Amino acid sequence: MIPSAFEYHRPGDLASAIGILTEYGDEARVIAGGHSLIPMMKLRMAQIGHLVDLQNLDELKGIRVTGSAITIGALVTQAELIAHDGLATAAPILREAALQIADPQVRYMGTVGGNVANGDPGNDMPGLMQCLNARFTLVGPDGSRDVAARDFYHSAYMTERSDDEILTQITFAPPAGGFAYEKQKRKIGDYATAAAAVQLTKSGGTVAGASIAMTNLSDTPVWSEAAGAALVGSTCGAEAVMQSVAAMLGDIDPQQDNRGPIDFKRHVAGVILARAIARAWSRA
Amino acid sequence: MGKKMQISLTVNGEVHDILAEPRELLIHTLRERLGITGPHIGCETSHCGACTVDMNGKSVKACTLFVAQADGAEITTIEGLGAPDALHALQRSFREHHGLQCGYCTPGMITRAHRLLQEIPNPTEEEVRFGMAGNLCRCTGYQNIVKSILAAAAELNAKEAAE
Ligand SMILES: Cc1cc2nc3c(=O)[nH]c(=O)nc-3n(C[C@H](O)[C@H](O)[C@H](O)COP(=O)(O)OP(=O)(O)OC[C@H]3O[C@@H](n4cnc5c(N)ncnc54)[C@H](O)[C@@H]3O)c2cc1C
Ligand code: FES
Ligand code: FES
């Protein structure tokens, strides 16, 4: 379980970090909390010549909540996210989801930026950020650009980010209405067998808008526009929920693995989404 | 062999300046280089928590940290919490309530429980179970571990109230 040798860098600001990435090209890789990367390096599934530790980049830290936008620095840990009361009031789905990630030790190290940049379909934050329609800010040698979470994931571990770009922050509008993050796992601390992120708004007794994203049911997170649309205008009764689940099942593509065969995963996905919708509706 | 680097760690209040490859895992540094063998290696794959230490006020798994990341950090291990002739309230409580059998998981359990009681000084049983979810035990069945932590919390709170 010893990774291959690398040279370690701990730059003091974003510009120097990008300088190191530019200098060493695809030999270099950034490390945030290391709780996805180090296990991969130990298995020698990732071989890295130059490891660039982001821990001193203060520009990537902190949470800002205003009436119109919420910004989370890439280096904010799951533990910091959970502890932030302003964030829990403005976007409670984040705390609900983060408490279902891993265990206390992992949440002390693992960062939100690392979770969304990693590209592992098992990570919980990417689907959540698609549900919230968040934007990721990427900074590289040619400047800064924003990419929608819904456009960021190409396939497992392949994202819109290029090797010399650093994800600096995540931004989204404060969500309105009811919410739920529902996750089925084999044991506490496990990745999802299936998870659903739901935000919905209510107006005059019916659903005014709904956003639904699913985790670990495809090689990327799946934002199911059709599953949300199926609820709009309904009173969130059994029929509407069934239609939403059917629409979601048309958008996912789970594979058989040690979390179960395809039919089982599709079944669990339906159960989890129905529960998430019911909980979000009860809070709307 | 990779290039070595100068690294400084403060462990249980003592400063150690070492020359190590950055890829060395913190748990190996502690156990093999510094002879601090309280933290154990159970799984080495970030799952069991036997290697738990306190770093800059956070519970972390020392098998999932490169020593280079810990350069400049303050680390506390079970050795820093109590001594055989001056046990910490948690250590006494684990002994009294049968919170261990083989003892393999115990240093990680107590080091994590110590941080948990800083986070939540007066936890409910459910909060103890959730807060200890990163530590596995193959012997006790957890009931007595939870009991030990709750009893230590009560003792520490009573002591604080008396002061
Ligand atoms: C036992 C265990 C259980 C877990 N369970 C879950 C779970 O249930 N749900 C879940 O979502 N996750 C889980 N994880 C993963 C954990 O949440 C990781 O911490 C997270 O996936 C990655 O965050 P990190 O900060 O540790 O990133 P790192 O491991 O440091 O990096 C991950 C990847 O992202 C890249 N990266 C990191 N930060 C940036 C950045 N700012 N810009 C560009 N690239 C970047 C790195 O180069 C690397 O490729 C678990 C991990 C363990 C060890
Ligand atoms: S040895 Fe580190 S978590 Fe098991
Ligand atoms: S006492 Fe034996 S593993 Fe916990």
Side-chain angles (χ1 to χ4, degrees), chain A residues 1-12 27 29-56 75 77-80 82-83 98-111 114 185-191, chain B residues 1-7 20-28 39 41 43-73 108-109 111-113 115-116 118-120 127-136 142:
Chain A
M1 300 298 286
I2 308 290
S4 54
F6 55 81
E7 208 171 305
Y8 175 83
H9 307 261
R10 195 189 287 183
E27 266 190 67
R29 188 85 162 257
V30 302
I31 184 168
H35 273 52
S36 287
L37 187 57
I38 294 176
M40 298 273 275
M41 290 173 72
K42 283 179 170 179
L43 295 169
R44 303 221 173 187
M45 282 160 72
Q47 306 231 14
I48 291 155
H50 294 267
L51 195 63
V52 184
D53 189 340
L54 303 180
Q55 68 170 276
N56 281 357
L75 284 182
T77 63
Q78 303 290 356
E80 287 164 350
I82 290 165
L99 282 169
Q100 296 180 64
I101 292 177
D103 58 47
Q105 286 92 321
V106 176
R107 291 194 292 267
Y108 262 132
M109 288 303 296
T111 66
K185 44 196 188 310
R186 294 172 302 180
K187 59 174 270 293
I188 193 161
D190 192 21
Y191 290 93
Chain B
M1 276 281 280
K3 220 165 86 181
K4 292 195 173 176
M5 60 183 278
Q6 196 71 47
I7 290 163
E21 278 192 72
R23 64 170 161 170
E24 188 170 297
L25 297 172
L26 179 63
I27 188 69
H28 294 142
I41 300 173
C43 63
E44 222 184 353
T45 57
S46 333
H47 288 96
C48 73
C51 62
T52 300
V53 302
D54 210 73
M55 183 173 90
N56 298 333
K58 303 169 169 191
S59 299
V60 299
K61 293 173 177 174
C63 74
T64 313
L65 267 168
F66 293 126
V67 65
Q69 293 173 281
D71 185 18
M109 284 286 175
T111 310
R112 169 60 198 143
R115 177 54 46 197
L116 174 64
Q118 318 286 309
E119 297 161 3
I120 314 175
E127 284 168 333
V128 170
R129 289 183 183 273
F130 192 73
M132 296 299 294
N135 292 73
L136 303 181
Y142 300 105

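Letters A, B, ... mirror the listed sequences (proteins, then strands); counts begin at 1. Since this is a predicted model, take the numbers as computed values, not measurements.
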So [Y] and [X], do their side chains get closer than 4.5 Å, heavy atoms only?
X	Y	value
T64(B)	M109(A)	no
R129(B)	I188(A)	no
L99(A)	F130(B)	yes
R115(B)	P104(A)	no
I38(A)	Q69(B)	yes
M55(B)	Y108(A)	no

Please state whether the side chain, the backbone, both or neither of L65(B) comes within less than 4.5 Å of a heavy atom of chain A.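 For L65(B), the contact with chain A is made by backbone and side chain together.
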Atom group of E119(B) that falls short of 4.5 Å from chain A, counting heavy atoms: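 Answer is side chain: those atoms of E119(B) sit under 4.5 Å from chain A.
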Is the shortest distance from a Lys or Arg side-chain nitrogen in K61(B) or D103(A) to a carboxylate oxygen in the other one below 4.0 Å?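 Salt bridge flag = yes for D103(A) with K61(B).
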To the nearest 0.5 Å, tell me how far F6(A) CZ sits from R23(B) CZ.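 One finds 8.5 Å between CZ of F6(A) and CZ of R23(B).
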Looking only at heavy atoms, what is the nearest atom pair of F66(B) and P3(A), with distance?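 F66(B) and P3(A) have their closest heavy atoms at CE2-CG, 3.5 Å.
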Does any backbone or side-chain atom of L51(A) lie under 4.5 Å from a heavy atom of chain B? Answer side chain, backbone, both or neither.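 It is the side chain, since no backbone atom gets that close.
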Side chain, backbone, both or neither: which part of L43(A) has an atom under 4.5 Å from a heavy atom of chain B?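 The answer is neither part of L43(A).
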Hey, mind stepping through I2(A) and E24(B) against side-chain contact (heavy atoms from CB on, under 4.5 Å) and telling me if it holds? CA-CA 8 Å; I2(A) 308 290; E24(B) 188 170 297; over 6 Å; no
Does A68(B) offer a backbone N or O that forms a donor-acceptor pair with the side chain of R10(A) under 3.5 Å?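 Yes; judged by distance alone, with no hydrogens or angles, the pair exists.
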Evaluate C63(B) against K42(A) for side-chain contact (heavy atoms from CB on, under 4.5 Å), listing each step before the verdict. CA-CA 10 Å; C63(B) 74; K42(A) 283 179 170 179; 4.0 Å; yes
Heavy-atom pairs under 4.5 Å with chain B are the metric here; pick the option from E7(A), R107(A), H35(A), Q105(A) that has the most.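 Heavy-atom pair counts peak at Q105(A).
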